[in-house]
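Below: one structure in structure tokens.
All residue numbers refer to positions in the sequence shown, counting from 1.
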Amino acid sequence: MPPAALPRPWRVGLLILAGALLWGSYATEIADTDFWWHLKTGQYIFETRSLPAPDPFSYTTDLGAPSYEGEQQVRQFNLTHEWLAQLLLFVVYEAGGFPLLALWKGLLLSAFCAIAGYLAAWRSGNFFVGLAAAFAGMPVVKLFAADRPPLLTFLLVAVFVLILEKYFAGEWDRWVWLLIPLQWAWANLHGGFFLGWVVLGAYVAGSWNLPAERRKRLWIAAGASLAASAVNPNALNVFEVLTNYRASYLTATLIEWKRPPLWGPPYTFNVLLYLAAAVLLLNVKKVRIPDALLFLAFSAAALMAFRNVIFMAFLAPVLLASYGWPMISPRLAAAPQRMIATANHASTVAGVTLAAALAFGFFGGSLFQLRAAEWRFPQQAAGFLRGNGLEARLFNSYEYGGYLIWSLWPQQQTFIDGRALNESVYRDYQKILYASASSQDESRRERDRLLDQYGVELVVMNGFEYVTGVIYPLVLAMANPQNTAWQLVFADEGAVIFARDSEGNRDLIAGRRLEKVRVLEHLEASCRIYIEHDPELPNCARTLGFLFLQGGDRQRARAALALYLENIPYQDPEAEAAFRKAADR
């Protein structure tokens, strides 16, 4: 149905429902572990009027020699390239706290999808195609609903494409100059600003059929945008930094930098990628140069790193609407009368569907989660450290580093956090975290040597890597009653804190010492809470079940394995056999 055939009030109503559903779906709770150090960095910049370089938040950042050529350049880049986004994040937080931050995140991502929907409707001439395009990439986009600067890169890619599309159509002639300040801002918001060059390059390459005056204007705007990009703390060395990222062992361990499977999660990405490739090949003689170049660039980027798959969630629906819809619409026009009559009720069907999804999500609690995911972070542990005025050096788990920066600095500095600043420290971190709990193992002696080398007096950590369900060996080693060098002084469902049995900690240990069996209670409670909030990741319960079964505690083993088995959508014969063994009297 062409847009003109649908009364304006219906269109406005459907757009409001669609916009609310998109906004609410992406306005999820603040749960990203990196969010906290971004927020603290924004506060630091706001209060000191300076960039956080050298790093004020971690005592290990500048320790040791570089592990690879270019590491110091990467460190400087990571500390400074997102300063404007971090400042903006803090300003939003100051204005409205976590609720406004969740709404801000939802607004950025829903605008990203809305632009894809608008372009799809505009290029296909069909309102409902545009509506479908806005939601087509949702399963992929939701994977990126984290409160981080890349959200601004996602939106600015869409804005650049929108402005240039309208310019190519003979509209928005003056808007092309807006690309220059946007490119400058982008270069200070996030390191992905070079994608603006990619988009501009695609349209400049396809501008040969534009009138000479308009082509000249585009080229001037593109050149000025490129020059504006250099006005940032790192000038134009972003490609050199990206090359160095590839040499980094630390970066290679991060999921976002790994290659996505050619067929596997997220499946929506694969479907969109292959469908878009198919319609382009079927219409190869009709494909515009900018469309072809953007598809090649975004698909290559997506296949190189998981963090880039979201761009296909934007581009593919637009390409499918532009080249796929014209292949389908003539057949629909020739369909039997009954099918046409059904299509004429599309607005009613769309309205009911959107309203039902909105109501279900709102009352079910999945929309507009205007809060921080407090259950994921060591709030009480941070309060314990703060309240006791503890300033001794600490070792912390990677995923808690960002929150500890936010809640403890300047009283405490972290050992490690998500900013990926020191390669050798990260390697030592893994040696400490994963060393065997056996007192006879060489890795245990290496762990103790490293804790001494870094002068660690306090260990603050969680017990699990929740995706795999692995229990960190360090927490079991510290919890061993025979390990008298470290004493448990705090434990709740969020974290445990161990203090070195040293002169400086004697008063703390004397007043706060806990039985180490509390560590097992921590593991049970933290696993249960995690599964309650994220039932798709129940592997921690499986690990606990086998741990308790090995230790002869059948009751706890049975409870843990039951929790695991009731949350998995597949068969696990080994876990089922262990559960039966635990249930035997």
Inset, instruction - Verify the distance criterion only: is there a donor paired with an acceptor across the side chains of Y249 and Q430 at less than 3.5 Å? - result: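 Yes, Q430 and Y249 have a side-chain donor paired with an acceptor closer than 3.5 Å.
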
Inset, instruction - Would you indicate whether the side-chain heavy atoms of L218 and L164 approach each other to under 4.5 Å? - result: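 L164 reaches L218 side chain to side chain.
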
Legend entry - Euclidean distance, E423 CD relative to S248 OG, rounded to 0.5 Å: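 Separation between the atoms: 3.5 Å.
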
Legend entry - Neighbour count >12 (heavy atoms, 6.0 Å) for atom CZ, F360: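 Atom CZ in F360 is not crowded, with 12 or fewer foreign heavy atoms closer than 6.0 Å.
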
Legend entry - Side-chain heavy atoms of L39 within contact of I405, under 4.5 Å: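 The answer is no, as the side chains (C-beta and beyond) never meet within the 4.5 Å cut-off.
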
Legend entry - Heavy-atom check, side chain of Q183 versus side chain of F193, under 4.5 Å: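 Sidechains of F193 and Q183: in contact.
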
Inset, instruction - Please indicate whether Q73 has more than 12 foreign heavy atoms, meaning atoms of other residues, nucleotides or ligands, lying under 6.0 Å from its CD. - result: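 Enclosed.
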
Legend entry - Beyond-backbone contact of L156 with L189, side-chain heavy atoms, under 4.5 angstrom: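 Yes, side chains in contact.
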
Inset, instruction - Using a cut-off of 6.0 Å, state whether more than 12 heavy atoms not belonging to E256 lie near its atom CD. - result: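 Result for CD/E256: enclosed.
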
Inset, instruction - Check whether any side-chain heavy atom of L421 lies under 4.5 Å from a side-chain heavy atom of S58, and answer yes or no. - result: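 No, side chains not in contact.
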
Legend entry - salt bridge (charged side-chain N to carboxylate O under 4.0 Å, His left out) pairs, two or more places apart, involving residues 177-194: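 As it turns out, there is no salt bridge (charged side-chain N to carboxylate O under 4.0 Å, His left out) pair with a partner in residues 177-194 once direct neighbours are skipped.
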
Inset, instruction - Could you tell me which residues satisfy side chain to side chain donor-acceptor pair (under 3.5 Å) with W175, sequence neighbours excluded, listed by chain and number? - result: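 W175 satisfies side chain to side chain donor-acceptor pair (under 3.5 Å) with no other residue.
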
Inset, instruction - Taking the six-membered ring for Trp and the single ring otherwise, decide whether the centroids of Y454 and F415 are under 6.0 Å apart. - result: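 Between Y454 and F415, the centre distance is under 6.0 Å.
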
Legend entry - Minimum-distance pair of heavy atoms, taken over all atoms of A392 and E457: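 In terms of heavy atoms, the two residues are closest at CB-CB, 3.6 Å.
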
Inset, instruction - Would you please name every residue forming a side chain to side chain donor-acceptor pair (under 3.5 Å) with R214, sequence neighbours left out? - result: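 Scan of R214 (side chain to side chain donor-acceptor pair (under 3.5 Å), adjacent residues dropped) gives D173.
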
Legend entry - Main-chain N/O of A301 paired with N308 side-chain donor or acceptor, under 3.5 Å: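 The answer is yes, because a donor-acceptor pair under 3.5 Å joins these two groups.
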
Inset, instruction - Supply the atom-to-atom distance N234 CG to L79 CG, rounded to the nearest 0.5 angstrom. - result: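 So the CG of N234 and the CG of L79 are separated by 9.5 Å.
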
Legend entry - Atom CD of E69 with >12 non-hydrogen neighbours under 6.0 angstrom: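 No - once you tally the heavy atoms of other residues, nucleotides and ligands closer than 6.0 Å, there are 12 at most.
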
Inset, instruction - Starting from the C-alpha separation in whole Å, work towards a yes-or-no answer on ring-ring contact (aromatic ring centres under 6.0 Å, His included) for W36 and F98. - result: CA-CA 11 Å; W36 303 101; F98 296 125; 5.6 Å; yes

Legend entry - Given Y203, Y167, W186, the one that forms ring-ring contact (aromatic ring centres under 6.0 Å, His included) with F160: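 By the ring-ring contact (aromatic ring centres under 6.0 Å, His included) criterion, F160 pairs with just one of Y203, Y167, W186: W186.
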
Inset, instruction - Indicate yes or no: does E29 engage R376 in a salt bridge with an N to O separation below 4.0 Å. - result: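 Salt bridge between E29 and R376, a charged N being under 4.0 Å from a carboxylate O: no.
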
Inset, instruction - Enumerate the residue pairs fulfilling side-chain hydrogen bond (donor to acceptor under 3.5 Å, both in side chains) with a member in residues 405-414, sequence neighbours excluded, ordered by first and then second residue. - result: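 The answer is T414-D417.
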
Legend entry - Heavy-atom donor-acceptor pair, D534 side chain to Y530 backbone, under 3.5 Å: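 Checking the backbone N and O of Y530 against the side chain of D534, no donor-acceptor pair under 3.5 Å is found.
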
Inset, instruction - Just say parallel, tilted or perpendicular for the rings of F112 and F154, cut-offs at 30° and 60°. - result: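 Ring orientation, 0 to 90° scale: tilted.
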
Inset, instruction - Provide the closest heavy-atom pair for V456 versus L458 in the form atom of the first, atom of the second, distance. - result: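 Shortest heavy-atom contact: CG1-O, 3.3 Å.
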
Inset, instruction - Under the side chain to side chain contact (heavy atoms under 4.5 Å, CB included) rule, what do M312 and V140 come out as? Steps first, then yes or no, please. - result: CA-CA 9 Å; M312 196 52 59; V140 175; over 6 Å; no

Inset, instruction - Carefully, step by step, assess T253 and Y426 under the rule side chain to side chain donor-acceptor pair (under 3.5 Å). - result: CA-CA 11 Å; T253 64; Y426 181 72; 3.2 Å; yes

Inset, instruction - State whether the number of non-hydrogen atoms from other residues, nucleotides or ligands found under 6.0 Å of E536 atom CD is greater than 12. - result: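 Atom CD in E536 is not packed in, count stays at 12 or less.
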
Inset, instruction - List the steps, then state whether side chain to side chain contact (heavy atoms under 4.5 Å, CB included) holds for L21 with L367. - result: CA-CA 8 Å; L21 183 57; L367 301 182; 4.1 Å; yes

Inset, instruction - Would you please test D291 and R123 for salt bridge (charged side-chain N to carboxylate O under 4.0 Å, His left out) and show each step? - result: CA-CA 12 Å; D291 291 340; R123 290 181 62 167; 2.5 Å; yes

Legend entry - Q43 side-chain N/O to F90 backbone N/O, donor-acceptor pair under 3.5 Å: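 Answer holds: no.
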
Inset, instruction - Report yes if the side chains of R259 and L303 come closer than 4.5 Å at any heavy-atom pair, otherwise no. - result: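 No, their side chains stay 4.5 Å or more apart.
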
Inset, instruction - Let me see the working for L162 and W172 under side chain to side chain contact (heavy atoms under 4.5 Å, CB included), right down to the final yes or no. - result: CA-CA 10 Å; L162 173 62; W172 293 16; 3.8 Å; yes

Inset, instruction - Give a yes or no on whether the ring-centroid distance for Y245 and W257 is below 6.0 angstrom. - result: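 Under 6.0 Å, so yes.
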
Inset, instruction - Kindly compute the distance separating CD1 (I163) from CG (L178), expressed to the nearest 0.5 Å. - result: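 Interatomic distance, I163 CD1 to L178 CG, rounded to 0.5 Å: 4.5 Å.
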
Legend entry - R419 and N78: CA distance, side-chain angles, deciding distance, side chain to side chain contact (heavy atoms under 4.5 Å, CB included) verdict: CA-CA 7 Å; R419 294 173 300 160; N78 286 351; 5.5 Å; no

Legend entry - For F239, ring-ring contact (aromatic ring centres under 6.0 Å, His included) partners two or more places apart: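 F239 satisfies ring-ring contact (aromatic ring centres under 6.0 Å, His included) with F194, W197 only.
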
Inset, instruction - Any chance you could measure C540, atom SG, to I531, atom CD1, to the nearest 0.5 Å? - result: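 That separation rounds to 4.0 Å.
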
Legend entry - Exam field: side chain N422 to backbone T61, donor-acceptor pair closer than 3.5 Å: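 Here the side-chain-to-backbone pair exists.
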
Inset, instruction - Rounded to the nearest 0.5 Å, what's the gap from CD1 on I416 to CD1 on I432? Could you check? - result: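 It comes to 9.0 Å.
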
Inset, instruction - Look only at the side chain of K258 and the backbone of F306, and say whether a donor-acceptor pair between them is shorter than 3.5 Å. - result: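 Pair absent, no side-chain N/O of K258 close to backbone of F306.
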
Legend entry - A276 versus L319, closest heavy-atom pair with distance: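 That closest heavy-atom pairing would be CB-CD1, 4.4 Å.
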
Legend entry - Non-hydrogen side-chain atoms of Y429 and T60 separated by less than 4.5 Å: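 No; the side chains remain at least 4.5 Å from each other.
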
Inset, instruction - Using atom types as modelled and distance alone, determine if a side-chain donor or acceptor of T153 lies under 3.5 Å from a backbone N or O of P149. - result: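 Pair absent, no side-chain N/O of T153 close to backbone of P149.
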
Inset, instruction - Under the ring-ring contact (aromatic ring centres under 6.0 Å, His included) rule, collect the residues that match up with W104, sequence neighbours excluded. - result: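 Expected list: none.
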
Inset, instruction - Could you tell me whether F314 and F298 have their ring centroids closer than 6.0 angstrom? - result: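 Here the rings of F298 and F314 have centres that are no less than 6.0 Å from each other.
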
Inset, instruction - Using the six-membered ring wherever Trp is involved, compare the ring planes of W23 and F368 and label them parallel, tilted or perpendicular (cut-offs 30° and 60°). - result: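 W23 and F368: perpendicular rings.
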
Inset, instruction - Check whether any side-chain N or O of N232 sits under 3.5 Å from a backbone N or O of S229 as a donor-acceptor pair, and report yes or no. - result: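 Indeed, once roles are kept as given, a pair shorter than 3.5 Å links the two residues.
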
Inset, instruction - Calculate, to the nearest 0.5 Å, the distance between atoms CD and CG belonging to Q380 and D492 respectively. - result: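 It is 6.0 Å, given to the nearest 0.5 Å.
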
Legend entry - Heavy-atom check, side chain of E82 versus side chain of T41, under 4.5 Å: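 No, side chains not in contact.
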
Legend entry - R75 and D62 ion-paired at < 4.0 Å: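 D62 and R75: salt-bridged.
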
